[in-house]
Amino acid sequence: MDIYQHFRKDEQPFIDKVLSWKEQVERNFQTKLTDFLDPREQQILQMLVGGDASDIKLSIEGGAAHAERKRAMIAPFYEEINLEDFQLTLCQATYQSKFVKLEHRDVMGAFLSLGIKRQKLGDITVKDGTLQIIMADEIAPFVTTNLNMIKKAKIKLEEKPLEEGLTSEQQWDHSDKTVSSLRLDTVLKEIYHLSRKDAASYIAKQQVKVNYKIVEDGKYGLQEGDLLSLRGKGRSKLVAVNGQTKKDKLKITIAVLK
């Protein structure tokens with residue numbers, strides 16, 4: 001059976017990587033700790049490894065109850081896996097929220113400006129004058145030393161126990177829609193109340209992501225579970241495709257992040 005037929009073509013490089021990890025663990029009997037994975041990557045990993053009946057097991061951990069980005073550990077079935085094995089560090093800083101407004105993207109931009117790969121970074125939480133970043137252990141000393149300014153806010157990052165992480169459970173508003181097709185431009189138009197021209201413009205300007213990757217083709221076909229984001233207008237997802245109407249339109253359920 002061709003394993004690739006169950007996935008999109010642009011996901012094949014990651015699938016190859018997962019299969020390579022799996023083979024290494026099975027052959028060498030050594031654990032494999034990944035970098036941080038986004039939810040779609042975690043889903044693919046679980047499909048390829050998590051349900052496998054072989055002599056390996058999969059554990060995933062992001063350092064917080066509602067973490068979105070997580071590291072995964074593929075290990076021989078007999079290995080005992082503990083939280084510390086995921087090598088996660090929580091760093092925290094406070095800032096004067098009365099004088100400067102920080103958002104997730106501000107923290108992300110400052111972090112990436114240090115020259116560190118996104119894959120080493122877990123969830124970012126900004127709340128009531130406090131920001132927290134979960135990251136890989138190996139980069140924590142460098143980040144705490146060098147990340148001391150975000151926008152106009154001076155900060156001093158300090159390591160904290162993971163159990164002191166701020167909660168950031170996401171809330172979604174669900175609704176039912178009808179669309180003529182599952183093309184990206186068609187669904188985007190319906191979710192964000194755009195004209196077809198504006199939807200096409202956002203896509204052409206690389207302001208639309210599907211499953212955390214920029215998509216430039218308005219004809220791109222969406223599937224159940226796909227997560228969308230439109231710059232400046234937030235996230236949404238295609239929750240379900242519920243069949244057709246009498247006029248051959250598709251009934252879908254969508255959700256928009258509050």
Side-chain angles (χ1 to χ4, degrees), residues 14 17-18 21 31-46 49-50 58-75 80-95 97 100-151 153-172 209 211-213 227 229 234-235 237 257-258:
F14 181 71
K17 189 180 296 185
V18 171
W21 294 338
T31 60
K32 167 62 182 179
L33 176 63
T34 73
D35 285 331
F36 286 95
L37 307 175
D38 65 43
R40 176 56 181 167
E41 291 171 333
Q42 295 166 38
Q43 184 182 42
I44 292 173
L45 182 61
Q46 289 171 328
V49 178
L58 172 68
S59 297
I60 299 178
E61 178 60 59
H66 303 289
E68 183 175 89
R69 294 178 58 79
K70 299 178 182 180
R71 302 187 82 172
M73 183 167 287
I74 308 170
E80 182 179 349
I81 299 175
N82 300 305
L83 179 59
E84 55 267 25
D85 296 326
F86 290 92
Q87 301 176 28
L88 304 170
T89 296
L90 170 65
C91 290
Q92 175 178 298
T94 58
Y95 63 95
S97 57
V100 62
K101 181 181 179 182
L102 294 184
E103 298 179 349
H104 181 282
R105 62 184 177 183
D106 300 320
V107 182
M108 169 85 75
F111 181 94
L112 296 179
S113 71
L114 297 177
I116 301 174
K117 293 181 179 180
R118 178 73 172 94
Q119 290 86 347
K120 297 298 181 182
L121 176 62
D123 278 16
I124 295 170
T125 305
V126 183
K127 189 176 182 180
D128 301 328
T130 298
L131 67 89
Q132 292 185 339
I133 311 173
I134 295 177
M135 64 191 76
D137 280 355
E138 65 265 27
I139 65 168
F142 176 80
V143 175
T144 54
T145 300
N146 293 281
L147 184 56
N148 46 42
M149 178 79 75
I150 301 177
K151 289 177 74 173
K154 290 185 178 180
I155 63 165
K156 179 175 175 56
L157 285 169
E158 298 178 341
E159 292 188 18
K160 296 287 184 179
L162 287 174
E163 56 266 26
E164 293 186 17
L166 298 171
T167 58
S168 57
E169 184 176 5
Q170 296 179 337
Q171 294 184 330
W172 298 83
K209 291 183 179 180
N211 297 325
Y212 305 91
K213 297 178 179 65
L227 180 70
S229 63
R235 293 183 183 183
K237 56 186 175 182
L257 186 64
K258 290 184 179 181

To the nearest 0.5 Å, atom CD1 of I139 lies from atom CD of Q119 at 10.5 Å
Value for NZ (K120) from CZ (F36), rounded to nearest 0.5 Å, stands at 9.0 Å
Residues T31 and M73: closest non-hydrogen pair is CB-CG, 4.4 Å
Closest non-hydrogen atoms of Q42 and I60, given as atom of the first, atom of the second and distance, are OE1-CG2, 4.1 Å
Here the gap from L162 atom CG to E61 atom CD, rounded to the nearest 0.5 Å, amounts to 7.5 Å
* Asked: Is there a side-chain contact between L45 and I74 (heavy atoms, below 4.5 Å)?
  -> yes
Any side-chain heavy-atom pair of P39 and Y212 under 4.5 Å | yes
In short, Y95 meets V126 closest at the heavy-atom pair OH-CG1, 3.2 Å
Side chain to side chain, I155 and M149, heavy atoms closer than 4.5 Å: no
Heavy atoms of L88 and G62 approach each other most closely as CD1-C, 3.8 Å
Check whether the side chains of Q92 and E158 place a donor and an acceptor atom closer than 3.5 Å, and report yes or no. no
Can any side-chain N or O of N82 pair as donor or acceptor with the backbone N or O of E84 at less than 3.5 Å?
no
Check your understanding: Does the side chain of I150 reach to within under 4.5 Å of the side chain of L131, using non-hydrogen atoms?
Key -> yes
Side chains of L90 and Q132: does their closest heavy-atom pair fall under 4.5 Å? yes
Rounding to 0.5 Å, atoms CE (M135) and CD1 (I116) come to a distance of 7.5 Å
Across all chains, not counting sequence neighbours, the salt bridge (charged side-chain N to carboxylate O under 4.0 Å, His left out) partners of E68 are R235
Residues Q171 and L257: closest non-hydrogen pair is O-CD1, 3.4 Å
Taken to the nearest 0.5 Å, the spacing of D38 CG from K209 NZ works out to 10.0 Å
Closest non-hydrogen atoms of K32 and W21, given as atom of the first, atom of the second and distance, are CE-NE1, 3.4 Å
Would you be so kind as to tabulate the donor-acceptor pairs closer than 3.5 Å made by side chains of residues 100-112, with sequence neighbours excluded?
residue : atom : partner : partner atom : Å
E103    : OE1  : R105    : NE           : 3.2
D106    : OD2  : E103    : N            : 2.8

Margin query: Is it the case that the side chain of N148 and the backbone of K156 share a donor-acceptor pair, with hydrogens and angles ignored and the cut-off at 3.5 Å?
Written below: no
The single option from D123, T144, T125, L147 that satisfies side chain to side chain contact (heavy atoms under 4.5 Å, CB included) with I133 is L147
When rounded to the nearest 0.5 Å, the distance separating CG of L121 from CG of D35 is 11.0 Å
By side chain to side chain contact (heavy atoms under 4.5 Å, CB included), Q87 pairs with (sequence neighbours left out) L33, R71, D137, E138
